Colleague: 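So that we are looking at the same thing, I have put the structure below in structure tokens.
This one's a predicted model, so the numbers in the text were calculated from it and none came from an experiment. Chain A is the first sequence line, chain B the second, and so forth, proteins listed ahead of strands; every chain is numbered from 1.
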Amino acid sequence: MNHEDTPKSPAQPADEASANNLPKAYDPHLIEQRWAEYWVRERLFDVPTPATDPGTPHLGEMWDMEPNRVPSRPTGGPREAGKGRANAFTLLLPPPNVTGRLHMGHMLNQTEMDILTRWHRMSGQTSLWVPGTDHAGIATQMMVERQLAAEGTSRKSLGREPFEERVWEWKHQYGSAITNQMRRLGASVDWSREYFTMDDRLSVAVKEAFVRLYEQDLIYRGSYIVNWDPIQQTAVSDLEVTHEDRLGKLYHIRYPFADGTGSIVVATTRPETMLGDTAVAVNPTDARYTAFIGKLVTLPMSAVEGGLDREIPILADEWAQPEFGTGAVKVTPAHDPNDFAIGQRHALPSLTILDTSAHIDLPGSPYHGLDRFEAREKIVADLEAAGLLVAIKDHNLTIALSQRSGAVIEPRLSLQWFLAVNKIPAAGGNSIAQNAIAAVREGHIKFTPSMYEKTYMEWMHNIHDWCISRQLWWGHRIPAWHCSSCSAITVARDIPAACATCNSANISQETDVLDTWFSSGLLPFTVFGWPGTSNLEPQLSNLTPDLAAFYPTSLLVTGFDILFFWVARMIMLGTHFMLDVPMPDGSPRKLTEAVPFREVYIHALVRDANREKMSKTKGNVVDPIEIITKYGTDAVRFTLASMASPGTDIAFSEARTEGNRAFANKIWNAARFLFMNLDRARQAGIEVTLPTLGTPDLASETRDGVSPNLASPTSDALESRWILTRLSQTSAAVNNSLSDYRFDEAANTIYQFFWGDLCDWYLEIVKLRLNFEPTNDLPFPTSDAAEVAVSQTTTALTTLVGVFESALRLLSPFMPFLTEEIWHALYAGLPPAKSIALTRYPQAGDYPRDEAAYVEMFTLQELITTVRALRKELGIPEKESAPISIHGDAKTLDSLQFSQDILARLARVSRIEVSAIALTGNNARSTASFDVAVLYERTIDIPAERERLTKDLAKYEKGLAAAERQLSNDSFMTKAPSAIVEGLRTQAAETRLLYDKTKAALDALPAQ
RNA sequence: GGGCGGUUAGCUCAGCUGGUUAGAGCGCCUGCCUUACAAGCAGGAUGUCGGGGGUUCGAGUCCCUCACUGCCCACCA
């Protein structure tokens, strides 16, 4: 911890930890970078593939593998997800886009994952966190296209292959920006397993998945209405479309009957699509129109030259709703999903009248080449001129926008590839959606918070086939070849030489690529090597050693925004493919082992301090790197963790972060205190045993008992017994909270323990026990004094170091940098493990509990607090000591008798008198267990005192009344559990006592 | 149009299966540079738990209803 020099290798820190060379204020910059690099360089969190042992991969062997070696699994740590399963905790990082920059959402996500991974690792599980990045089709393509535009060129003028090369170049140059930012956060991932979704091995897997689904007849190609983004010029899935309410117009347009006998008025929001109308529909029950059914109308564009002069039928279809508009609807099958369905029902032709950029595509017509919105205006004007525009009404409509480009979605009939999610495979079994539903319904996947299970189910039950093709260049190109001779399609794993149908060599590969989510939906098994490379029996070969060891993954941590995009797709594809992969023992895999993960933890959105969604346009985006630079990574991590309560969004607060930086500083200074005293001890020749409880070797020996290191030589002083009890309680609470993903509870518990218990009380008391100059100022009168002092100092310091080291381990998953730094310094260059992250997580059973000490300490704290308050009220100067008088039961007095030195130091008590009678008056206060008076002559502020007492009295009176009402209520007495009744009785008695005392004090106040 | 949340101190939020007198951090007020820490220490003030009704011996907690607010889903021209 020598910060004056150039940073030393963290593996060999300064020889001696000394308070002298520690800066007074904690400066995260001096240490964070160093440790982040150390963790990566030393490969501390890598988990190698288990040795191939055909038949039964043996995870037990992994315990001997350095360096991810952890103490044996203690009892009371994380709950095991599946019984009888290897002791592994596996987690897949939701891959950020290669184009991405770290934002607060990432940081929250990664902080939570890192806390859990570090906790599981320290709890004795082989913990594997797999990182990677996503090629993010559209986003990346856009990024490079923008770059090209700046250079005055374009994707199209470059051509497909040079463009793809260009994107790869971009990826190699900038693609690691986000993972480098991750390293800075201290994410304890296995970097040796880092993947990119377009890596060769993953591309092979994507191809394999596609081909298998095609062979199973679950992928098909067809012409359907899809959501078309005219800017990107590609189809997008339903999920990539957002809806916005806008005020629009409803146009009433007259369509004259072809026979000249009249007309019908239709209502539409999109007059321009009438160019593609092939029918008019009315409801069969609509009496206004039944007579017209079967008649032909002339498309009113007939006045225009260009082949638009056509007659279309009026037909009956349930879709037309009499109440809406005029009750008659024009039908444009190629440009509206509903109209398409009507067209299907009535075998109508589909006329595509817009090109891929949403311009009218009708050569020869006066509208040709116009943008759809320009065309609308012109058509409306023309209709009006022709006297065919009946009305224009305001109309609230919902428009569909492309999430990525913001373009108004144009429903467009086009040839796309789909995944049939509701189809029962030819070979039998369940549909993809059915498996995905069963996996959750049968409890093989658990959602936290559980309400998301409902959301998931709702969506999955109403799911449509998934359009998986995209008209992009960047992505996994669909492994299908079109034959120009017979137009058959050949789908193959390897580039085919000829058409599989007619054997023609005139084949060319499909130009579409796959939806990015198709490849990321496969990740939970493809990252572990699926489909395998061996040439064994194909199905069996799919079980790679990594899959055997790590699939299903334990957990998925993510935001709800990708619940459908990614989570649902992983469940669909995971259950579909993995059901075919045998278990390590050769038995068929069941659904429970086929799921991609056993649990899903869904976290909140990070918003700004005003609860506004962070967005670039609003300019309220909080850059995590900026905040980290300002407050330190640990402080930001701790802030996010402490605010991450399930179900509610996080309003990121800089004030909170500031508070947590103060917490880090507090710990830093507690460490300085510790090192200062270790220095003194060294100079005084006192030897302090460093704690080994958390180290791998000792942990296995002490797993069921109390560490000999902490139990002995442990001071039997009250504060020692108390702090160990608190440590045990805190460990229990933190482990419980983390089991339930209650990061907020866990963080707050540790905060309270470290600051409240350890620093505010324990450290202050321990100062009394540390005495390095036995000849001076000694409270012991005997000649053995020096010896006693040395032994007391030794045990006190040993306990202090032990407790502090445990607290560091407890905090380590939350604040990995700070704790790593101090922990290494504690061992002065000879740490018992390479990292605090490889030590054992504190367990309740690691520390002796002493309930009596807990109660005794509570009374003492109450006394000290009361005396402090009285002193303040009496206006006693801070530095001045004062005598007190106590009245209480024998037990209380007895216990306080041994704590006189503590009272003297913490409450500046110079002398203690015992009073046989109750104490009242303006210098006294009462609690349930004692009365105490500070003996100090000073006039007090009588009105203020009267006000305080009156307030108290009212409070007691109210409480007493409530309690007595309850106690005299027969049904309460008979129905309430006895513990509650007893509790209330005790409380009532105490309140009565306090009431009486307060009343007496009030009466004793001089009148004014 | 369906569905799901939220409403607790000035601010941001806890409060688990209903059970003693509702908590924390920040902010605020008062006094302290007490030799680990002023990014600190000590003391203090602050709530008809959104409104109304109900169930219960007992409701911040369960039910109904209203209000406000946020989000997700949705093919009504």
Colleague: Please tabulate, one pair per line, each protein N/O and nucleotide N/O from nucleotides 22-27 of chain B that are separated by under 3.5 Å, including the distance.
Modeller:
none

Colleague: For atom C1', what is the distance between G47(B) and A22(B), given to the nearest Å?
Modeller: 9 Å

Colleague: As a test of reading the structure: which of A42(B), C4(B), A39(B) is closest to the side chain of A662(A), going by heavy atoms?
Modeller: A39(B)

Colleague: For I876(A) and G43(B), what is the distance between atoms CD1 and P respectively, to the nearest whole Å?
Modeller: 14 Å

Colleague: Expressed in whole Å, how much space separates the C1' atoms belonging to U46(B) and A24(B)?
Modeller: 14 Å

Colleague: Between A39(B), U34(B), C4(B), which one does the side chain of A25(A) approach most closely?
Modeller: A39(B)

Colleague: Among A77(B), A36(B), C32(B), which is the nearest nucleotide to the side chain of E878(A)?
Modeller: C32(B)

Colleague: I need the CH2-P distance between W319(A) and C75(B), as an integer number of Å.
Modeller: 10 Å

Colleague: For Watson-Crick and G-U wobble pairs within 3.5 Å on both distances, what is RNA chain B written in dot-bracket notation, | included for inter-strand pairing?
Modeller: (((((((..((((.....[...)))).(((((.......))))).....(((((..]....))))))))))))....

Colleague: Distances under 3.5 Å between protein N/O atoms and the N/O atoms of nucleotides 68-73 of chain B, please, pair by pair.
Modeller:
none

Colleague: Can you check the distance between U8(B) and U61(B), where both ends of the measurement are the C1' atom (answer in whole Å)?
Modeller: 12 Å

Colleague: Could you tell me which residues satisfy side-chain contact (heavy atoms from CB on, under 4.5 Å) with T285(A), sequence neighbours excluded, listed by chain and number?
Modeller: N283(A)

Colleague: Does F814(A) have any ring-ring contact (aromatic ring centres under 6.0 Å, His included) partners at least two apart in sequence or in another chain, and if so, which?
Modeller: none

Colleague: Counting only side-chain nitrogens and oxygens, does K666(A) get under 4.0 Å of the OP1 or OP2 atom of C37(B)?
Modeller: no

Colleague: Picking from A36(B), G31(B), A77(B), which would you name as closest to the side chain of F673(A)?
Modeller: A36(B)

Colleague: Which nucleotide in the set G44(B), A36(B), A77(B) lies at the smallest distance from any side-chain heavy atom of D336(A)?
Modeller: A77(B)

Colleague: If the condition is side-chain hydrogen bond (donor to acceptor under 3.5 Å, both in side chains), which residues does T273(A) pass it with, not counting sequence neighbours?
Modeller: K330(A)

Colleague: Would you say C32(B) has OP1 or OP2 under 4.0 Å from some side-chain N or O of K872(A)?
Modeller: no

